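Here is the structure we will look at.
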Amino acid sequence: MGISAFRQLVLIGFFLAASPSVAQEKSALKPGFAFPPDRSVRILVFRPDVKVGSQSAGGVVTPNAEWTASARAHLSAALASVSPVGSANIVFLPELEGEGAALLADYRVLFRSVADTVLQHRLFKGNRLPTKKTGFEYSLGSGIAKLGQIGGGDFGLFVFTNDAFGSAGRKMLQAFAIGFAGVGVSSGQHAGYAGLVDLMTGDLVWMNADFKMGGDVREADGAIKRALQLLEGLPVAARQEAK
Amino acid sequence: MAGRSLRRACVLLLAATASAVASAEPGSAGAPTIAAVRPVGSVEEGLWSEFEDYERELSASKLLIRDEGLHSYLRKILCRTVGAERCAAVRLYIVRNPQFNASMAPNGVMVVHTGLLLRMRDEAELATVLGHEFGHFELRHALGRHKSERNTMSWAAWLTVASSGSGGDLALFPLLMAGHFRFSRDQEREADLAGFEHLARAGYNAGSAANVWEKARAEGDAKATALGVRNQEDRFHGPMSSHPMNLERMSYLKDAATKHGAGAAFRGEAEFRSAVAPLMPMLIGDQIKLNDFGGSEYLLKSLAVDGWSGVLLAARGELYRLRARPGDIDAAARYFRDATLQPDCPAEAWRGLGLSLARLGDPKGANAALGEYLKRQPEAADRKMLEAMMGGS
């Protein structure tokens, strides 16, 4: 790799990577999807995938154990209190062991791969694959029904957040960059996405993603704000509006 | 002009101060010598928490080899190598991955690839690698690496902003990255030598450490020859290499063994072989599927020093059958047929023989061999396909 390639890399790293949401559609819903009106549905919430750290001047993220732990706790509590489909119907999947744990691990990884595809090829208009121009056809396969039976849910909710708060060094760099060089440097990154999967068919029915989310997940109030943002666009019919 | 130089000087001064401030944080002392080792400082706590999530997923993975016997054998080697008290801090995972590798996480998660087991020939060689990984752990290399990465990128950020602001062209990023990789290579050498100390103190054959890299070179050569290229792994990749070259590792470990002199020289060949034997067919099968003809052929030959078993012959046949260059199918049929004459002949040898004979235009021989395969493997996943082939020929 030549020097110019390295310079390009570093420039991309510092100035662009943190603001990729150029033509992003935040959420997508499977056409025609609605929660069954005749019965209440139970939503199985998988352990939220949460990362919180601090971003150094050069953009390297140092994970923070305390922030991550409290964010995970606050976010779980917030998801329950925000109650996407009525508070009684939120079920948190307990810790699984043995085969159940292996099954869950498989589907977590599968969901992540499918979600990446949706992020890359569905939520960005210019990037859409020829066969995915319209509609919302993604599925994890009906094998996921086993997880629904284990956890006792009709739908599964996956939640991911990745936060890195700009350190003092990053903020100094930001101020200096704009004042001295006239370049914009972002500070902090707050990305998150959530997806709802039909636990009978395995179909991904809804997904919502945002690379610039609000709400400080380290605090209870901030986590509620974040949870509301994550669930934005979830079908309204069956959804109770949060306080 | 003078104004610009002054500006530039200010920039550098500011950058230096900022980086110094950014890197100041609680240092960590001590080494994880006991089972109850905990992270020191917020950075290490953060790294541990990240790897706790990694371990959570890893421990539920389908790719884990959960064989109790193999696990306790590997743990026994680790404990003998690094000491009974210290090894308690490590949680060992064997992952089904045919690549030659092992890794160590800062929180004590040690991952051993099955590809490593295929390449080691005795306990002392395996102890070399386990000792190396433990070296990373006890020397807290993950923390050091993270700090180096952070400082490197901070410098790069400050200098890039500063240079674009002063209209100059400070192309320092490659230099900074080179510094980071030099740091990484130093860590690898440090872990190699720490591992060597453990190996020698535990009474293992000190020369085995260099053997690991000598054979890695030979395998790389065999792989490259089959591809008609030069062995890239044995050439200096330049300042951006994360590890020292195999040649270099081999040399300084040889020197260390010479300095250590002859002492207790336990190799544990028979012990190693019998512990890994139950997994061997799987290890070999995974290697054959890598589409690395030269490397696989080298490994098969090195496993066959005491003669070609049915398993090895069948694997060799499959290797040739899959490459399918002119003459390869004939060779494959020969190896498969030889395999069927061995007492430990796997059922797959009959399948391979049948498919090879079909390709060679011998439908009668093919049907007989495939029939034998289906007789020996009634639950074969490809039964229907093979039956269709047999009926159609």
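What you see is a predicted model; the values in this text were computed from it and never measured. Here is the naming used below: chain letters follow the sequence lines, and residue numbers restart at 1 for every chain.
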Here the pair of heavy atoms bringing B:Leu47 nearest to A:Pro63 is N-CG, 3.9 Å
A:Ala57 and B:Trp158 have their tightest heavy-atom pair at CB-NE1, 3.8 Å
Counting only heavy atoms from other residues, nucleotides and ligands, does the tally under 6.0 Å from CE of B:Met282 exceed 12? yes
For B:Ala60 and A:Ala101, which heavy atoms make the closest approach, and how far apart are they? CB-O, 3.5 Å
What do you reckon, is CG of A:Asp221 surrounded by more than 12 foreign heavy atoms closer than 6.0 Å? no
Rounded to the nearest 0.5 Å, the OG atom of A:Ser56 sits from the NE2 atom of B:His146 at a distance of 7.5 Å
Hey, does B:Arg56 have a side-chain heavy atom less than 4.5 Å from the side chain of A:Glu95? yes
One should read off an interatomic distance between A:Arg47 CZ and B:Asp53 CG, to the nearest 0.5 angstrom, of 5.0 Å
Does the side chain of B:Glu50 come within less than 4.5 Å of A:Thr68's, by heavy atoms? no
What's the spacing between B:Ser42 OG and A:Trp67 CH2 if we round to 0.5 Å? 8.5 Å
Between A:Val52 and chain B, which part of the residue has a heavy atom less than 4.5 Å away: side chain, backbone, both or neither? neither
Output yes when B:Lys62 and A:Glu99 qualify as a salt bridge under the 4.0 Å nitrogen-oxygen rule, no when they do not. no
In terms of heavy-atom contacts, does CZ of A:Arg112 have more than 12 from other residues, nucleotides or ligands at under 6.0 Å? yes
Kindly check if the number of other-residue, nucleotide or ligand heavy atoms within 6.0 Å of CD (A:Glu66) is above 12? no
Segment of A:Thr62 engaging chain B (4.5 angstrom heavy-atom cut-off): both
In terms of heavy-atom proximity below 4.5 Å to chain B, should A:Asp106 be classed as side chain, backbone, both, or neither? side chain
Are B:Glu45 and A:Asn64 packed together at the side-chain level, in the sense that at least one heavy-atom pair is separated by less than 4.5 angstrom? no
